[in-house]
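Following: one structure in structure tokens, then a few remarks.
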Amino acid sequence: MCGITGWASFRGDARVQAPVIEAMTATLAARGPDGHGVWLGERAAIGHRRLAVLDPEGGGQPMADRPDTPDLVLTYSGEVYNHHALRAELRARGHHFRTRGDTEVVLRAYAEWGEAAPEHLDGMFAFAVWDERARKLVLVRDRLGVKPLFWAAVDGGVAFASEPKALFAHPAIRPRVDADGLREAYGLLFTTGPTVWSGVREVEPGGVLVLDRDGVREHRYWQLRVREHTDDRATTVERIGELVGAAARSGLEADVPLCSLLSGGLDSTVLTALLADELRLREGRDARLRSYAVDYSDQASRFRGDVLRTGHDAPYAREAGAFLGTDHSTVVLDPRALLDPDHRRAVVAARDSPIGVGDMDTSLYLLFGAVRRHSTVAVSGEAADEVFGGYPWFHSARAQAASTFPWLLVTGDEAAMPLNPELDLRLGEFRDDTYRTALAAVPHPDGEDPAEHRLRELRHLSLTRWLRQLLHRVDRLSMARGLEVRVPYCDHRLVEYAYSVPWPLHCFDGREKSLLRAIGTDLAPRSVLYRPKNHYPATHHPDYNRGLQQLARDALATEQVRALADETRLKPCLDTPPEALEWGHRLRLERVVDLALWLDHHRPELAL
């Protein structure tokens with residue numbers, strides 16, 4: 001995985017700014033606990049923090065094509081799963097290799113194909129290349145946006161980083177938030193491009209940004225397309241099985257301990273089964289994959305369903321682990337530990353954003369910390385709901401008829417922190433405008449019937465927007481613990497194929513995720529195969545709710561929070577008895593607490 005940062009500029013000499021690139025790189029230490037390096041040239045400064053996963057001895061960065069007078073310098077984060085095949089192809093084209101990991105493959109791929117190099121890469125990645133020959137900086141992000149990459153303008157050029165915090169270590173970039181940033185944060189529309197931070201943008205998923213003497217230009221090397229689907233049901237199921245299996249096998253590539261995140265749901269169980277089978281093929285029938293689930297000490301006695309959760313995960317995860325023969329562990333958290341201010345500050349610092357999901361973020365951070373004690377890489381079932389149509393809004397007549405983002409019907413204003421009306425952010429207009437823009441980007445085949453047309457829109461919105469905030473969450477909280485999380489369901493070939501499958505095939509058995517269930521028939525226990533969709537677990541302990549209410553009162557005692565939050569609309573959330581606090585109102589309080597921590601940690605300039 002790793003953290004990358006740096007800048008290129010056609011004004012000044014970067015070689016005299018070693019303290020700046022060192023400071024930027026140091027902010028990403030958690031992403032790369034195994035090593036660091038910087039490179040300085042006249043026009044560019046490049047930094048890297050390393051989490052060693054492949055070729056621990058030979059994969060140091062920044063990596064140059066030549067040691068003394070390089071033409072190309074690379075800083076790279078992620079995993080390219082087809083690096084063995086690419087290495088063979090590049091050798092046949094005359095390239096020579098000094099290392100055995102994927103970093104040098106990316107470097108040589110750029111040397112061979114230039115800006116078209118990412119089209120040859122399969123995996124999750126973000127990287128920057130300083131091309132001395134052409135005097136240009138090239139920034140590249142993977143197709144689905146699994147790995148983050150931010151950038152901002154500096155005098156005569158561009159700075160970049162895996163996280164905004166590294167940009168703020170550059171003297172020309174300050175943490176500033178304006179009304180547009182608050183709309184991006186609290187609109188809950190998950191646009192890629194603009195961020196909460198004024199002047200800080202993301203490189204688009206599947207995007208390339210180039211800086212040269214002519215300025216900055218951006219283009220996409222990949223976008224989600226619709227292809228004609230002629231396969232019948234049996235062939236479609238077979239092809240889905242091949243694609244999921246290939247993606248799972250790729251996820252095992254590592255020179256360090258690896259595990260699976262097994263929630264006891266369909267997505268993670270199918271994936272874990274494929275990983276466990278492949279591990280036994282590679283290492284022998286006695287090989288056992290480690291798997292992990294998370295639970296709360298009160299969950300068995302206090303669980304109650306809500307708009308997102310239908311059951312208690314841990315028993316299903318244990319059953320799945322036993323069925324698959326994994327070395328399964330459950331990380332049990334004390335709900336009161338989720339109130340620990342040090343944990344919550346660490347989460348907000350990792351996110352660089354006031355928007356999260358409170359205790360669910362903190363528990364994921366603690367889970368990743370426990371996993372990291374034994375494994376450096378974890379494989380997750382994230383993105384299966386987006387790929388295979390698992391969310392309630394795909395099956396809701398109300399969502400299909402609504403003229404807004406479907407998740408707002410679930411979360412809505414009940415789950416958004418109410419903002420001070422004096423700010424006059426016009427969130428309604430912003431959401432309407434953004435929704436129209438989002439629908440205009442949806443690709444449709446000619447002659448698509450109205451029902452299929454609408455389901456295509458919902459699938460596209462989920463894959464290109466909702467999924468992005470989930471991927472950010474997993475990346476930030478895992479990398480804050482020095483853990484690499486892989487997401488095989490984000491394999492672009494799988495996503496492309498599944499997106500083109502007509503909707504009736506996605507629910508041919510009368511339920512959600514029919515295709516995934518079909519390939520999982522022999523891979524998961526029946527109880528898991530037919531279990532209703534369940535979201536990430538949350539604690540139900542009234543002591544947690546009571547503590548959260550007090551944290552929110554403390555937050556509202558600060559002047560800056562009161563300037564941003566609507567105290568009147570928050571009062572019912574504070575006055576409700578802790579044992580009766582509903583999910584939506586609790587999330588409002590989580591957002592207030594996170595806002596206070598974010599303001600205190602980042603100390604942004606508010607230009608409202």
Side-chain angles (χ1 to χ4, degrees), residues 79-82 85 118-125 142-146 205-206 220-251 266-268 270-271 273-275 278 379-391 394 441-449 451-468 470-471 486-509 511-521 523:
E79 303 294 341
V80 169
Y81 300 126
N82 64 332
E119 299 172 28
H120 298 262
L121 309 179
D122 297 337
M124 54 180 193
F125 49 83
D142 67 67
R143 295 169 180 83
L144 271 295
V146 179
R220 301 283 291 275
Y221 67 90
W222 184 87
Q223 294 187 67
L224 194 56
R225 304 288 188 192
V226 183
R227 292 173 170 80
E228 184 181 11
H229 188 85
T230 58
D231 295 343
D232 61 16
R233 182 198 295 179
T235 306
T236 299
V237 170
E238 181 181 10
R239 182 60 180 149
I240 289 290
E242 292 170 352
L243 289 167
V244 173
R249 288 190 294 275
S250 296
L266 176 64
D267 314 342
S268 64
V270 168
L271 192 59
L274 293 168
L275 291 168
E278 180 65 20
V379 183
S380 166
E382 200 73 83
D385 285 306
E386 290 80 5
V387 173
F388 294 110
Y391 289 119
F394 292 117
V442 179
H444 294 282
D446 294 337
E448 191 172 52
D449 71 70
E452 184 75 25
H453 187 95
R454 179 56 178 157
L455 267 301
R456 184 88 59 196
E457 290 176 341
L458 294 179
R459 291 155 68 191
H460 194 273
L461 294 172
S462 299
L463 283 163
T464 60
R465 287 179 175 269
W466 179 259
L467 178 59
R468 290 178 181 178
L470 298 178
L471 293 176
R486 297 177 178 177
V487 282
Y489 290 121
C490 283
D491 182 282
H492 72 278
R493 292 156 298 191
L494 170 62
V495 172
E496 287 173 342
Y497 183 83
Y499 184 67
S500 296
V501 172
W503 181 251
L505 280 176
H506 278 283
C507 51
F508 68 79
D509 64 356
R511 298 198 52 174
E512 77 289 345
K513 293 189 283 195
S514 303
L515 294 172
L516 187 59
R517 185 174 297 103
I519 70 168
T521 299
L523 299 175

| query | Between E512 and R517, does at least one N-O distance fall below 4.0 Å, as a salt bridge requires? | reply | yes
| said: Looking at D491 and R493, is there a salt bridge between them, counting it only when a charged N and a carboxylate O are closer than 4.0 Å? | reply: yes
| task | Test R456 against E448 for salt bridge (charged side-chain N to carboxylate O under 4.0 Å, His left out), laying out the working first. | result | CA-CA 10 Å; R456 184 88 59 196; E448 191 172 52; 2.9 Å; yes
Nearest heavy-atom neighbours spanning [X] and [Y]:
X    : Y    : result
C490 : L467 : SG-CD2, 4.2 Å
P488 : S380 : CD-O, 3.5 Å
V237 : F508 : CG2-CE2, 4.4 Å
W503 : G389 : CH2-CA, 3.9 Å
V226 : P443 : CG2-O, 3.4 Å
D267 : G381 : CB-O, 3.9 Å

Atom pair [atom1]/[atom2] of [X] and [Y] - distance to nearest 0.5 Å:
X    : Y    : atom1 : atom2 : answer
L471 : D142 : CG    : CG    : 8.5 Å
I240 : L494 : CD1   : CG    : 5.5 Å
F388 : F394 : CZ    : CZ    : 12.0 Å

Side-chain contact, heavy-atom cut-off 4.5 Å: [X] with [Y]?
X    : Y    : result
V80  : D122 : no
R486 : M124 : yes
E457 : H444 : yes
L224 : R143 : no

Has [X] got a side-chain atom pairing as donor or acceptor with [Y]'s backbone, closer than 3.5 angstrom?
X    : Y    : result
D509 : S514 : no
R227 : S500 : no
H506 : A498 : yes

Contacts under 3.5 angstrom, residues 242-250 side chains, donor-acceptor by atom type, not counting sequence neighbours:
residue : atom : partner : partner atom : Å
E242    : OE1  : R239    : NH1          : 3.1
R249    : NH1  : G245    : O            : 3.4
S250    : OG   : A246    : O            : 3.1

| request: Evaluate the criterion salt bridge (charged side-chain N to carboxylate O under 4.0 Å, His left out) for residue pair E452 and R459; output intermediate values, then yes/no. | output: CA-CA 10 Å; E452 184 75 25; R459 291 155 68 191; 3.7 Å; yes
| message | One pair to check against side chain to side chain contact (heavy atoms under 4.5 Å, CB included): Q223 and T464. What are the steps and the verdict? | response | CA-CA 10 Å; Q223 294 187 67; T464 60; over 6 Å; no
| query | According to the interplanar angle, ranging from 0 to 90°, do the rings of H492 and W222 count as parallel (below 30°), tilted (30 to 60°) or perpendicular (above 60°)? | reply | perpendicular
| task | Just say parallel, tilted or perpendicular for the rings of Y391 and W466, cut-offs at 30° and 60°. | result | perpendicular
| task | Sequence neighbours left out, what passes side chain to side chain contact (heavy atoms under 4.5 Å, CB included) with S268? Give chain and number order. | result | L262, S263
| request: Output all residues satisfying side chain to side chain contact (heavy atoms under 4.5 Å, CB included) with D231, sequence neighbours left out; order by chain, then residue number. | output: H229, T235, T236, Y497
| query | Hey, are R465 and H460 close enough side-chain-wise for a donor-acceptor pair under 3.5 Å? | reply | no
| message | What I want to check is whether the side chains of Y489 and E386 have a donor and an acceptor closer together than 3.5 Å. | response | no
